[in-house]
Amino acid sequence: MTDPAAGTVLQVMMRDGCSLCDHLVLALELLRPRYRFTYSKVDVDADPALADRYGARVPVLVAGTEEICEGHCDPALIEAFLKAR
């Protein structure tokens, strides 16, 4: 059986000192053994355009142009997204 999430690339739009952002990253680390995906962390405060776009909505989990969850970590929603890939 192949992993449906294999090759999926995610981005965590976050900022330093954000405990909600840290929680989302932890959830992704816990999901990685079951699904083969990669993710990167993007500091929205390092880019004014990203800061304007995401503002107080961080963390935002993104796959391409699709926003998976925002403002908090929803492990069930993340896992459903990964299963659907």
Side-chain angles (χ1 to χ4, degrees):
M1 177 185 206
T2 61
D3 181 353
T8 300
V9 178
L10 306 174
Q11 289 184 304
V12 181
M13 303 301 177
M14 59 185 295
R15 60 178 34 102
D16 287 337
C18 171
S19 60
L20 293 172
C21 300
D22 294 339
H23 185 241
L24 177 55
V25 169
L26 176 60
L28 291 175
E29 286 297 324
L30 293 172
L31 287 169
R32 280 201 329 173
R34 286 182 273 164
Y35 303 96
R36 290 185 301 154
F37 63 89
T38 60
Y39 73 91
S40 61
K41 299 185 276 186
V42 178
D43 181 0
V44 299
D45 292 327
D47 181 337
L50 291 177
D52 286 344
R53 180 174 179 179
Y54 293 105
R57 296 189 308 138
V58 295
V60 180
L61 183 61
V62 179
T65 60
E66 183 177 355
E67 293 183 3
I68 301 164
C69 61
E70 70 173 74
H72 67 286
C73 175
D74 188 337
L77 187 61
I78 297 166
E79 192 161 11
F81 173 84
L82 293 169
K83 284 180 180 179
R85 298 303 279 194

Is there a side chain to side chain contact (heavy atoms under 4.5 Å, CB included) between Gln11 and Lys41? Walk through the geometry before answering.
CA-CA 6 Å; Gln11 289 184 304; Lys41 299 185 276 186; over 6 Å; no

Residues Tyr35, Glu79; criterion side-chain hydrogen bond (donor to acceptor under 3.5 Å, both in side chains); working and verdict
CA-CA 9 Å; Tyr35 303 96; Glu79 192 161 11; 2.7 Å; yes

Straight-line distance of Phe81 CZ to Asp74 CG, nearest 0.5 Å
13.5 Å

Distance, nearest 0.5 Å, that separates NE2 of His72 from CD of Glu70
9.0 Å

Cluster link Phe37 to Met14, ILVMFWY, side chain under 4.5 Å
yes

Is it possible for you to say whether Ile68 and Val25 belong to one hydrophobic cluster, with membership spreading through side-chain heavy-atom contacts below 4.5 Å?
yes

Between CZ on residue Arg85 and OG1 on residue Thr8, distance to nearest 0.5 Å:
5.0 Å

Arg53 side chain near Met13 side chain, heavy-atom distance below 4.5 Å
no

Interatomic spacing from CG in Leu26 to CG in Leu31 - rounded to 0.5 Å
9.5 Å

Residue of the set Val60, Val12, Leu50 for which side-chain contact (heavy atoms from CB on, under 4.5 Å) holds with Val42:
Leu50

When clusters are formed by joining ILVMFWY residues with side-chain heavy atoms under 4.5 Å apart, either directly or through shared neighbours, do Leu24 and Val58 land in the same one?
no

Roughly how far apart are Leu82 CG and Arg32 CZ, rounded to 0.5 Å?
12.0 Å

Do Arg15 side-chain atoms and Gly55 backbone N/O form a donor-acceptor pair below 3.5 Å?
yes

Ile78, Tyr39: one ILVMFWY side-chain cluster at the under-4.5 Å cut-off?
yes

On a heavy-atom basis, the closest approach of Gly64 and Val62 is O-CG1, 3.0 Å

Looking at CG of Asp43 and SG of Cys18, how far apart are the two atoms once the value is rounded to the nearest 0.5 Å?
10.5 Å

